[in-house]
Amino acid sequence: VQLQASGGGLVQPGGSLNLSCVISGHNKDDYFIGWFRQAPRKQREGVSCMASSDGTSHYLSSVRGRFIISRDKAVNTYYLQMKNLTPDDPGWYYCAWVYTGGTSWCDVTYFGMTVWGKGTQVTVSS
């Protein structure tokens, strides 16, 4: 399994960005994808996740209502739509993968992900 994240960039406060995570090497619905971020001098935190089996999703409380995770199964890609970005949102964003056996489970606080993509940087600045 390989993951490729993209879509980061510079945006003004209140702006939007759409991140993508392309999965290659695996096409069964038996995993969950998580989006994580890490800002300088801060702990890495889970932002959102989605179970591939049924699309069950969860969010970090501070992004709920502003971020939306979605997927396009046809191109094996997950997205993180980020709206109303604030100065608390910048950092390196990573997508990560873990095998679940097809259960309807994902958890933004779970850090035992087995495959990590390279990050994409999000900067929020006026």
Side-chain angles (χ1 to χ4, degrees):
V1 180
Q2 292 185 318
L3 309 177
Q4 180 65 51
S6 62
L10 171 64
V11 64
Q12 292 184 342
S16 301
L17 279 174
N18 295 318
L19 307 184
S20 299
C21 176
V22 180
I23 302 172
S24 59
H26 191 88
N27 57 13
K28 294 183 180 179
D29 287 337
D30 56 4
Y31 61 90
F32 85 72
I33 283 291
W35 282 101
F36 296 79
R37 67 185 180 190
Q38 187 162 20
R41 299 175 299 280
K42 290 187 177 181
Q43 298 269 18
R44 184 173 294 190
E45 60 182 356
V47 174
S48 184
C49 66
M50 179 176 277
S52 68
S53 60
D54 64 356
T56 294
S57 60
H58 296 291
Y59 297 91
L60 178 70
S61 59
S62 63
V63 308
R64 191 176 295 118
R66 299 188 296 120
F67 290 13
I68 299 174
I69 189 170
S70 63
R71 62 178 171 173
D72 185 338
K73 295 180 74 173
V75 292
N76 224 12
T77 300
Y78 285 74
Y79 304 96
L80 186 67
Q81 183 180 18
M82 307 187 295
K83 297 181 178 180
N84 195 20
L85 286 160
T86 76
D88 290 331
D89 295 318
W92 283 91
Y93 281 67
Y94 303 86
C95 57
W97 181 99
V98 67
Y99 175 76
T100 64
T103 58
S104 174
W105 170 66
C106 79
D107 186 344
V108 294
T109 66
Y110 183 75
F111 285 85
M113 311 303 279
T114 53
V115 181
W116 291 81
K118 291 183 179 179
T120 184
Q121 191 172 18
V122 172
T123 304
V124 181
S125 175
S126 54

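As a basis for the values below, the full set of heavy atoms in this structure was taken, side chains included, without hydrogen atoms, waters or symmetry mates. What you see is a predicted model; the values in this text were computed from it and never measured.
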Euclidean distance, M82 CE relative to L17 CG, rounded to 0.5 Å:
4.5 Å

Joint hydrophobic cluster, L85 plus W92, side-chain heavy atoms closer than 4.5 Å:
no

In terms of hydrophobic clustering (I, L, V, M, F, W, Y; side-chain heavy atoms under 4.5 Å; direct or indirect links), are V98 and I23 co-clustered?
no

Please enumerate all residues that pass side-chain hydrogen bond (donor to acceptor under 3.5 Å, both in side chains) together with K73, with sequence neighbours excluded.
D29

How many angstroms lie between atom CD of Q81 and atom OG of S16, to the nearest 0.5 angstrom?
7.0 Å

Quick check: is Y94 connected to V1 through a chain of hydrophobic side chains (ILVMFWY, heavy atoms under 4.5 Å apart)?
no

Donor + acceptor pair across side chains of T56, S104 (<3.5 Å)
yes

Inter-residue atom distance S53.OG - Y31.OH, 0.5 Å rounding:
10.0 Å

Tell me, with the steps shown, if Y79 and N18 meet side-chain contact (heavy atoms from CB on, under 4.5 Å).
CA-CA 7 Å; Y79 304 96; N18 295 318; over 6 Å; no

For the student: nearest non-hydrogen atoms of V47 and L80, plus distance:
CG1-CD2, 4.3 Å

Within the 6.0 Å centroid threshold, strictly below: W35 and Y93
no

Under 3.5 Å donor-acceptor pairs involving side-chain atoms of residues 112-126, not counting sequence neighbours:
{"unit_1": "T114", "atom_1": "OG1", "unit_2": "W97", "atom_2": "O", "d": "3.2"}
{"unit_1": "W116", "atom_1": "NE1", "unit_2": "M113", "atom_2": "O", "d": "3.4"}
{"unit_1": "T120", "atom_1": "OG1", "unit_2": "G8", "atom_2": "N", "d": "2.9"}

Could you walk me through whether D107 and W105 pass side-chain contact (heavy atoms from CB on, under 4.5 Å), step by step?
CA-CA 7 Å; D107 186 344; W105 170 66; 3.9 Å; yes

From T77 atom OG1 to R71 atom CZ, the distance as rounded to the nearest 0.5 Å:
12.0 Å

Determine whether D30 and Y99 make a side-chain contact, defined as any pair of heavy atoms from C-beta on separated by less than 4.5 Å.
yes

I'd like to check the side chain to side chain contact (heavy atoms under 4.5 Å, CB included) partners of D88; sequence neighbours left out, ordered by chain and number.
T86

Taking atom CD of Q2 as the centre, does the number of heavy atoms from other residues, nucleotides or ligands within less than 6.0 Å exceed 12?
no

Which heavy atom of Y78 sits nearest to which heavy atom of M50, and what is that distance?
CE2-SD, 3.7 Å

Scan the side chains in residues 63-70 for donor-acceptor partners under 3.5 Å anywhere in the protein, sequence neighbours excluded, and list what turns up.
{"unit_1": "R64", "atom_1": "NH2", "unit_2": "Y59", "atom_2": "O", "d": "2.9"}
{"unit_1": "R66", "atom_1": "NE", "unit_2": "S62", "atom_2": "O", "d": "3.4"}
{"unit_1": "R66", "atom_1": "NH1", "unit_2": "N84", "atom_2": "O", "d": "2.9"}
{"unit_1": "R66", "atom_1": "NH1", "unit_2": "D89", "atom_2": "OD2", "d": "2.7"}
{"unit_1": "R66", "atom_1": "NH2", "unit_2": "S62", "atom_2": "O", "d": "3.0"}
{"unit_1": "R66", "atom_1": "NH2", "unit_2": "D89", "atom_2": "OD1", "d": "3.0"}
{"unit_1": "R66", "atom_1": "NH2", "unit_2": "D89", "atom_2": "OD2", "d": "3.4"}

Measuring only between side-chain heavy atoms, which start at C-beta, is E45 closer than 4.5 Å to R37?
yes

Could you give me the CA-CA distance, side-chain angles and deciding distance for F36 and F111, then say whether ring-ring contact (aromatic ring centres under 6.0 Å, His included) is met?
CA-CA 9 Å; F36 296 79; F111 285 85; 5.3 Å; yes

Disulfide (SG to SG under 2.5 Å): which pairs involve residues 9-41, sequence neighbours left out?
C21-C95

Among pairs that include at least one residue of residues 97-126, which meet disulfide (SG to SG under 2.5 Å), considering only residues two or more places apart or in two chains?
C49-C106

